[in-house]
Structure formats: C-alpha cells, structure tokens
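Notes for the one structure printed next.
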Protein chains: 2
Amino acid sequence: MISQQDLLDTLAQVARALGNGHRLALLERLAQGDASVETLANTTDLTVGNASQHLQHLRRAGLVTAQRSGKQMIYRLTDERIVNLLGLLRQVAETNLAEMERLVSRLFAEDDADGVLEAISRDELLAGLASGEVALLDVRPEEEYEAGHLPEAINIPLEQLEDMLGKLPRDREIVAYCRGPYCVLSHEAVQRLRQLGYRVRRFEEGYPEWKAAGLPIA
Amino acid sequence: MISQQDLLDTLAQVARALGNGHRLALLERLAQGDASVETLANTTDLTVGNASQHLQHLRRAGLVTAQRSGKQMIYRLTDERIVNLLGLLRQVAETNLAEMERLVSRLFAEDDADGVLEAISRDELLAGLASGEVALLDVRPEEEYEAGHLPEAINIPLEQLEDMLGKLPRDREIVAYCRGPYCVLSHEAVQRLRQLGYRVRRFEEGYPEWKAAGLPIA
DNA sequence: CCATCATTCAATAAAACGATAGAATGATGG
DNA sequence: CCATCATTCTATCGTTTTATTGAATGATGG
C-alpha cells in the first residue's frame, strides 16, 4: 500500500539533491548553458571524479540529464523551472535566515555604504528597455554570452572592461548583468565604470532568471 | 574573504532541511495552521522527541519559528512562500522523476481508469465560483477547517460524509478540497459522493496553496 | 586493433544524519 | 515551593553522505 509519506520521501530525495553547495554550484553553472563534465569541474573547482559523482546524484534526482557527444558527456538542466526553484529557495533563505543576509551583505555591500549601487529590478529594466533609455551590458565570459544572452546586450567580459569602453554608449544609462544574483561580475563592473564616470547600475537578477521567466533571449 | 560558494553552502543548508520526508510532513501540516509539538508529532506519526528534533532542524534553517504559549511551544511557518517552494519542488519532481509519477498514479489513479475523476484547476474553480455554478466542500477535520478555509466552503469531515449529506446542494456541481495535492481525503470524498449520484470533482490543490497564492480565505 | 582521452565505477575513511532512551529545563496550578 | 506536564537536551548507535584514490569503461583517431 502506498501512503502520502512515500511521496514525501521521494520528494525529499529531490530536495536532498539540492542540499549540497557543490551541487548548487553545478546547477548554477548549468543554468548558464549545457556543459561537459570537465567544463563543469573547472568552473566549480571540483575534481573531475567528484564532479561526475555529484552530477550522477543530480541525475538520479531528475534535475539534470546527460547526453554523449563524441568523447564528452554534455549535461543540461532537465527543466527551466529548476532555475525558478533555486530562485525561490534563495528568496526564502534570504528573508528568513539571518546568516544568509549577513553573507549577502558582506559579499556585495561592503563598498556600497551609501547605497548608490542599488540594483535595478526586472520590471524597471523592462521599462527602461522599452523606452530606449537603457543599454544592456553582459559582463560574462564570451563563451557564456554566445550560449545565450539578453536581447541587444553588448558583451564585454569583465577582464576586458577597460579595453572596450568604446562599445559603451555615453548617452544612456547602462545596466550590467551577469550570471545571477550571487555573481559578483556585474557588481565589480558597476564599481569600475562608475569610477570612470559612467551612469550604470546592476541588474539584480541574471541571464538564467531572465530566460526562466520566459522573456526573449538572443 | 567571502566567496559565492559560502552563500551556496548556506543555501544548501536550507535545502537539506527540506531533504527529509518527516520534515516535509511537518511542513505540510504546518501549512494547514500553527500547531504544538505534540499535535505535530501525532499528525505525522513521530515520537514527540523526534518531532522536536526535526522542528529544531527546520528552525535552524529559518523555515519555522516557535513561540511559547503556556506549557506548549507553538510552531509556525516563517513565510507563506515556503508553500510555494514546496509546490514548485513537487512540480519539478513530478515532471522529471519517473518514480514520482509512478507513486502519484498509484496513490490516486487506481480507481480512476476512465479518468472521470480529473481534478479541477485553480482557474477553473475561480470561474465556477464567480458564476455561482460551484459549491465548495472542505473535507478536512473540523479543527483544520476552523483554522482557515476557502470562502463559502461547507465543512464535512470525511468520516461524517454520509451523515451530513443534507448540507450539500443538489443543484450545483460540488468541488471538494483538502490539505493539498497529495492529500487523499478529497479524492476519497469524490468517489463516495459519485456513488451517491452527486456531481462532484476534486480541486487539484488544497487550502495551503490557495492561501499562499494570496486568494481570500475565511 | 591500439593508444588516448573523457568519464564513470568501486572501495575506503571521515563526517553528518536519524532514531531512541533517559535526563534536564521551563511553565503551570495547587 | 512542589508536582506535573510539554518540550528540549544529551549520549549513543547504526546508516548515509562525501571526498579521495585508482581501476574500469566507452568513444575516437590513427
């Protein structure tokens, strides 16, 4: 006989798959685009063997799928909603766990005592784009930009920021985005561009959240 | 120095708190309304000590809060969004984990070979209520009904179903609901009422989801 | 078919988790 | 203040999870 508890136990398996920082890092990386085990291992600072093991765990939980392409295994998220799930988990954690707020503020707000770096919300960004008052800047590595980006976004990887200033408009406010709410690339870019006199803010989300919301991508 | 990984590790702690069937059962019970440790232990088939331990775990993760009331500790969900989080987890699991689908169908669909018991969605229900074509039936125990229920819902606990048929209208379709998608009470009620000739369907969600969506409650 | 490369599997040890039983704490009513 | 009740804490043991290591598998190009 089947009870409701069996369902909850199975549900718990899925939640347990999310219950490891390394696996969350793998999922966040996969939200940028499909990748091989080696790529995933490199971008998450794991050994290949360890990454493989965590990916199997995620696969058993139905969160990722794997497909062979030549010598490599290419992993991908099974479902766009996983990004929504992570986003909601993040929101709940930030609201209700003091430790979380402490970490977030230490990661981001240290150089922002006056709050001028306040991030721009999705709705504000959509309005700014519609009115043509905002130019979008993608500061992720070129590879991730190529795998998908917000419409009309200019790509300047953070390392090359000062070398490619010519691509940035001076007549509009710039909104920088990167991998997601916890990615520091856009935060760093905003600080450096402000020093140079640009009018620039950070988008509070990133490419994966934009895509998971069903908004158009390029 | 703080890294993004520290944030993900903290986030993983919260996810790990969801990674146990008993704790999910406790959260589902709390979604019906606040409750004492003893009540929670009884409704989830745990010993009091064990329930207490799991509740501490949930509290450390920021998912529940406790407040003393006389001799008892009353626990509650810290955040309505936790219901949304569980709902999204459920959706992702059902879509991507074959095991999950198998369990759900074995729990519900055994006596429903012809699919006539198909559940009604939230949008359909709202339309039916607006047009007055639908009467709502809450088949949870009276105590949970009293703690909160959908507007205009009639309460007939499942055990007393046949004794209180007089409260049910004959001129409208009846929609039965209970604790949530995995709760079997409304499913059972629909089967028994159909045998008696009533026009009745099951609401595919439950009271907590309705409340978490910000819809009006009584 | 062989050498190579990417990935997975298998075995191990350390750490974390989960259930239980019994002691300790904290509030209540006499 | 004492007895009682609800809950939490402590200690223990068996199970599960995690990282590491090295061997095995599977596809590729010569």
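Letters A, B, ... mirror the listed sequences (proteins, then strands); counts begin at 1. As the structure is a computational prediction, the values presented were derived from the model and not from experiment.
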Quiz item: Got a sec, which pairs hit salt bridge (Lys or Arg N to Asp or Glu O under 4.0 Å) with one end in residues 83-100 of chain A, sequence neighbours left out?
Solution: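 Salt bridge (Lys or Arg N to Asp or Glu O under 4.0 Å) check on residues 83-100 of chain A returns A/Arg90-A/Glu94, A/Glu99-A/Arg102.
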Quiz item: With sequence neighbours left out, which residue pairs that include part of residues 34-58 of chain B fulfil the salt bridge (Lys or Arg N to Asp or Glu O under 4.0 Å) condition?
Solution: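 Qualifying pairs: B/Asp34-B/Arg76.
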Quiz item: To 10°, what angle do the rotation axes through the five end pairs on each side of the helix from C/dC1-D/dG30 to C/dG30-D/dC1 form?
Solution: 30°
Quiz item: Restricting to pairs with a member in residues 150-162 of chain A, which pass side chain to side chain donor-acceptor pair (under 3.5 Å), not counting sequence neighbours?
Solution: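 Listed by first then second residue: A/Glu162-A/Arg192.
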[N] phosphate, OP1 or OP2: any side-chain N/O from [X] under 4.0 angstrom?
X	N	result
B/Asn50	C/dG18	no
B/Tyr75	D/dT8	yes
A/Ser52	C/dT7	no

Quiz prompt | Residue mapping more 5' on DNA chain C - nearest nucleotide basis, A/Met73 or B/Asn20 | solution =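 Residue closer to the 5' terminus by nearest nucleotide: A/Met73.
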For the pair made of [atom1] in [X] and [atom2] in [N], what is the distance, rounded to whole Å?
X	N	atom1	atom2	result
A/Ile74	C/dA6	CD1	P	12 Å
A/Leu58	C/dT7	CG	P	16 Å
A/Leu46	C/dA6	CG	P	17 Å
B/His57	C/dA16	NE2	P	12 Å
A/Asp45	D/dA19	CG	C1'	15 Å
A/His22	D/dT17	NE2	C1'	13 Å

Closest approach to the side chain of [X], judged atom by atom: which nucleotide of [options] is it?
X	options	answer
B/Gln56	C/dT20, D/dT18, D/dT8	D/dT8
B/Val48	D/dT8, D/dA6, C/dT20	D/dT8
B/His54	C/dA19, D/dT7, D/dA19	C/dA19

Self-check item: Gap separating the CD atom of A/Glu101 from the CG atom of A/Asn96, nearest 0.5 angstrom
Solution: 10.5 Å
Quiz prompt | B/Leu30 side chain near B/Leu63 side chain, heavy-atom distance below 4.5 Å | solution = no
Quiz item: Which ones in residues 36-43 of chain A lie close to DNA chain D, meaning a heavy atom under 4.0 Å from one of its atoms?
Solution: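 Residues of residues 36-43 of chain A under 4.0 Å from DNA chain D: none.
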Exercise. Just call it for B/Arg59: base, sugar-phosphate, or nothing, with non-hydrogen atoms closer than 4.0 Å on any strand.
Key: nothing
Self-check item: Aromatic ring pairing B/Phe203/B/Tyr177, orientation class (parallel under 30°, perpendicular over 60°, tilted between)
Solution: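 It falls in the perpendicular class, over 60°.
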Self-check item: Donor-acceptor pair, side chain of B/Arg201 and main chain of B/Ala176, under 3.5 angstrom
Solution: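 No, B/Arg201 side chain to B/Ala176 backbone: no donor-acceptor pair under 3.5 Å.
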Practice problem: Using atom types as modelled and distance alone, determine if a side-chain donor or acceptor of B/Arg16 lies under 3.5 Å from a backbone N or O of B/Asn20. | Solution: no
Quiz item: Where do A/Tyr182 and A/Met100 come nearest, in terms of heavy atoms and distance?
Solution: OH-CE, 3.0 Å
Practice problem: List in chain and number order the residues that pass side chain to side chain donor-acceptor pair (under 3.5 Å) with A/Arg179, two or more places apart in sequence or in another chain; answer none if no residue qualifies. | Solution: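 Only A/Glu144 meet the side chain to side chain donor-acceptor pair (under 3.5 Å) criterion with A/Arg179.
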Quiz item: Excluding sequence neighbours, so at least two apart, what forms side chain to side chain donor-acceptor pair (under 3.5 Å) with B/Gln72?
Solution: B/Ser36
Self-check item: Summary of protein contacts for nucleotides 22-30 of chain C, nucleotide by nucleotide, where a base hit scores B, a sugar-phosphate-only hit scores S (4.0 Å, heavy atoms)
Solution: -----SS--
Exercise. Could you tell me which residues satisfy ring-ring contact (aromatic ring centres under 6.0 Å, His included) with B/His149, sequence neighbours excluded, listed by chain and number?
Key: B/Tyr145
Self-check item: Non-neighbouring partners of A/Arg81 that pass salt bridge (Lys or Arg N to Asp or Glu O under 4.0 Å), sequence neighbours left out
Solution: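 Counting only residues at least two positions away or on another chain, A/Arg81 forms a salt bridge (Lys or Arg N to Asp or Glu O under 4.0 Å) with A/Asp79.
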All N/O donor-acceptor pairs, side-chain side in residues 207-218 of chain A, below 3.5 Å, sequence neighbours left out:
unit_1: A/Glu209; atom_1: OE1; unit_2: A/Gly206; atom_2: N; d: 3.0
unit_1: A/Trp210; atom_1: NE1; unit_2: A/Pro216; atom_2: O; d: 2.8

Considering only nitrogen or oxygen atoms on both sides, find all protein atoms under 3.5 Å from nucleotides 11-16 of chain D and state each distance.
none

